[in-house]
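Scroll down for the structure; my scribbles are underneath it.
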Amino acid sequence: MDAFYIIATASSFAISCAILGSFLILRRMAMVGDAISHAVLPGIVIAFLFTGSRDSIEMIIGAGILGVFTTFIIEFFHRKARLQADAAIGVTFTWLFALGVILVSLYAGQVDIDQECVLYGEIAYVPLDVWITDSGQNLGPRALYIAAGILVINLIFMWLGYRYLYLTSFDPQFAATIGVGVSVWNYLLMGSVSMTTVAAFESVGAILIVALMVAPAATAYLITDRLGRMIGLGVLFAILISFLGYYLAAWLDASIAGGIVTVAGILFFSVMMIQKLCLKRLALGSSHSDLKAS
Amino acid sequence: METLIEFFSFQDASIIAVVVGSILVTSSSAVVGTFTFLKKKALLGDAVAHAVLPGICLAFIVSGTKNPLILIVGAFITGWLSLVLIDFITAKTKLKEDTAIALVLSVFFGVGILMLTKIQHSGNAAQSGLDSFLFGNAAALIGADLLVFATVSAILLLVIGLLFKEMKILAFDPEYAKVIGLPVRSLELVLTSLTVLAVVTGIQAVGVVLMAAMLITPAAAARFWTQDTFKMVVIAGFLGAFSGLAGAFVSYSAPTMPTGPWIVMIISIIALVSFFVAPKRGIFSRNLHQRVLRHMIMDENLLKELYHIGEKDNSPFKERTIAAIMYERFFPEGQLISGLSRLRRKGFLVSKDGKWKFSQSGYEKGQRMVKLHRLWELYLTEYLKIAPDHVHEDAETIEHVITPELEARLEKMLSFPEKDPHQSQIPY
């Protein structure tokens with residue numbers, strides 16, 4: 001049952017990430033996603049100090065705002081200080097992440113987060129923290145509910161905003177011309193990314209969440225050119241890597257999040273290599289037939 | 001305060017070792033980072049920094065010791081591999097560079113975490129301290145380790161010093177470098193190796209997670225203080241060294257604190273301050289400069305419009321109401337009024353009962369603006385054969401920047417013309 005809870009939680013987070021990651025990749029904002037996932041840390045620590053709990057709604061909203069703020073700072077350095085885009089990202093997220101780690105060490109006694117947990121989370125503890133109602137009924141692990149809730153929010157966001165995100169990703173000028181708020185949808189997407197990051201933080205940590213955003217979606221992008229199919233395949237891969245990653249980690253007795261990401265990497269590189277080899281063979285085959293035809 | 005004095009008196013030999021070590025590794029990575037920054041490849045450093053983790057763990061698994069030389073070799077291999085993979089993905093698939101970086105970075109780090117936790121769970125006693133590579137621990141820079149890290153840093157600085165000119169050309173204009181016969185491929189190989197080496201040595205003090213900051217942030221800060229590559233490298237090196245020193249102090253006075261975040265915090269604050277207050281490039285100075293220009297353009301436009309009004313009823317020194325000026329050309333009202341008062345302060349305008357008129361100097365300046373505008377229009381139609389109805393916008397912009405020298409040349413070239421393309425009089 002524990003295995004089921006862990007895999008279900010991981011899958012829910014991975015599905016949310018795969019959906020958002022597809023848009024990040026198409027918008028060439030994968031590294032902005034990386035930046036946000038680091039930069040929410042100080043928000044989490046501060047919210048923790050104020051509310052005293054890790055899974056409060058305030059924390060998710062507060063850190064979500066911080067994620068949008070990060071995007072804003074990056075833009076600000078890039079536009080106002082004319083700092084080149086890559087350096088603007090690099091300076092911003094390392095600074096905020098450093099602040100977060102310092103806060104974690106300063107308030108080590110009060111904040112129930114340690115430095116390692118910040119990096120790769122601990123999804124193995126998911127089944128331990130269960131939600132028990134007042135009447136004493138065990139409803140299952142709390143993290144699973146959070147993961148499912150975030151997934152539902154992301155699905156609603158996609159249901160309402162898919163057309164606009166699609167449009168602003170592929171042709172922002174056209175979108176602006178017909179009156180779609182390009183920056184509004186950009187910030188909404190960044191808000192969702194940071195909200196998902198914060199919710200998944202405890203389970204998979206800051207850096208591995210980036211892998212969940214990028215790897216399944218990138219693998220899907222290798223296979224298809226259509227956004228709908230890309231998201232569909234990404235979701236499929238997300239479930240697959242959660243499942244296989246769990247058993248890899250269990251077999252090695254190592255971090256489950258690490259295992260999931262390792263499987264995601266293997267999946268990506270396998271698809272890439274198979275595609276390269278097949279394409280090469282196809283190209284060779286077609287040139288042979290050309291020769292015959294001539 | 002006592003710790004501060006104790007620290008900076010350098011009585012303890014181990015303090016000297018830690019200080020020297022931290023300064024060397026942070027300054028050398030800042031110097032190397034300047035070139036990746038200039039090549040606009042700053043985030044590659046982030047990827048390398050994360051990608052060395054599996055290398056360190058693998059080297060430990062294979063060798064079973066924490067010998068820095070062996071760990072460096074392991075880190076170097078996976079760091080290199082990550083860059084090769086990013087190149088391959090960017091070149092051979094439709095994925096863009098940012099996706100390739102984010103993918104390689106997080107996947108390598110994930111594999112590293114898998115290995116690290118595996119090692120930790122194995123109960124091997126020798127592994128303790130391996131996790132200090134995550135967030136850095138400058139205090140551990142002692143003894144034989146220090147010698148290794150210091151040597152590598154010295155090599156880095158030496159190679160950059162020897163290849164400075166070549167690296168500079170490569171960073172700014174790789175095409176040109178190719179044309180003048182520089183071995184571009186090899187130089188890029190050298191820079192990549194230097195980046196990986198800088199990361200590998202720097203992680204001891206800063207840790208893999210925040211190592212990217214040591215490559216990017218000093219260079220970004222230095223960029224705001226100078227235009228000159230050599231000065232930029234020196235400034236970045238100094239800023240890196242300063243933050244390294246501060247990190248060593250933190251590590252000494254608060255041993256439980258991870259050093260990396262403090263080093264990054266200090267260098268980031270320096271960078272943030274630079275972004276705002278640096279002369280010329282800083283946000284404050286840039287805003288001020290923009291304001292000065294905006295005011296200048298507004299003033300010149302106002303004088304020009306007053307001249308236009310005077311031209312129409314042939315009485316240039318008559319008093320005009322705000323409404324009359326607005327009728328000639330729309331200005332946002334607040335800007336118009338503040339512009340008019342500014343011109344009065346400068347002595348170009350005189351005001352009475354809410355009406356405004358030229359002083360002599362104001363009249364001359366307004367006349368000159370109109371002349372420049374019309375000369376330029378004529379120049380465009382005569383020499384560039386642009387239709388008369390297309391030249392106004394261009395003249396509207398350039399009239400503010402034409403120097404007296406250029407003005408004289410235009411007059412001579414067009415032989416002091418009487419009329420512009422729209423048959424308006426050109427005033428002299």
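Both backbone and side-chain heavy atoms feed into the values below; hydrogens, waters and symmetry mates do not. Each chain gets a letter, A, B and so on, in the order its sequence line appears, and its residues count up from 1. Since the model is a prediction, treat every value here as computed from it, not as a measurement.
Inter-residue side-chain proximity for A/Phe76 and B/Ile283 is flagged as met; some heavy-atom pair is nearer than 4.5 Å. B/Asp46 has its side chain within reach of A/Phe93: a pair of non-hydrogen atoms, C-beta onward, lies under 4.5 Å apart. Contact check for A/Val101 versus B/Trp262: no side-chain heavy atoms found under the 4.5 Å cut-off. Between A/Phe268 and B/Val107, the closest side-chain pair of non-hydrogen atoms is not below 4.5 Å. The closest side-chain heavy-atom distance from B/Phe37 to A/Gln84 is below 4.5 Å. Under the 4.5 Å side-chain criterion, counting only non-hydrogen atoms from C-beta, B/Thr93 is in contact with A/Lys276.
Of the listed residues (A/Ile260, A/Leu252, A/Val263), just one forms a side chain to side chain contact (heavy atoms under 4.5 Å, CB included) with B/Leu114, and that residue is A/Leu252.
Contact annotation for B/Ile263: neither backbone nor side-chain heavy atoms come within less than 4.5 Å of a heavy atom of chain A. For A/Met31, the parts lying under 4.5 angstrom from a heavy atom of chain B are both the backbone and the side chain. In this structure, the portion of B/Leu272 lying under 4.5 Å from any heavy atom of chain A is its side chain and not its backbone. Interface remark: B/Ile267 contributes no atoms to any contact with chain A (heavy atom separation under 4.5 Å). Only the side chain of A/Leu208 comes within less than 4.5 Å of a heavy atom in chain B; its backbone stays farther off. Residue B/Val209 touches chain A through its side chain alone, counting heavy-atom pairs closer than 4.5 Å.
Pairing each heavy atom of B/Val264 with each of A/Thr94, the nearest pair is CG1-O, 3.6 Å. Considering all non-hydrogen atoms of both residues, A/Val214 and B/Ala102 come closest at CG2-CB, 3.8 Å.
Checking side-chain atoms of B/Lys94 against main-chain N and O of A/Tyr221 turns up a donor-acceptor pair under 3.5 Å. At distances below 3.5 Å, not a single donor-acceptor pair connects side-chain atoms of A/Lys80 with backbone N or O atoms of B/Arg286.
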Query - B/Phe108 and A/Thr262: CA distance, side-chain angles, deciding distance, side chain to side chain contact (heavy atoms under 4.5 Å, CB included) verdict - result: CA-CA 8 Å; B/Phe108 269 67; A/Thr262 306; over 6 Å; no
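Among A/Gly100, A/Ala211, A/Ala254, the residue with the largest count of heavy-atom pairs under 4.5 Å with chain B is A/Ala254.
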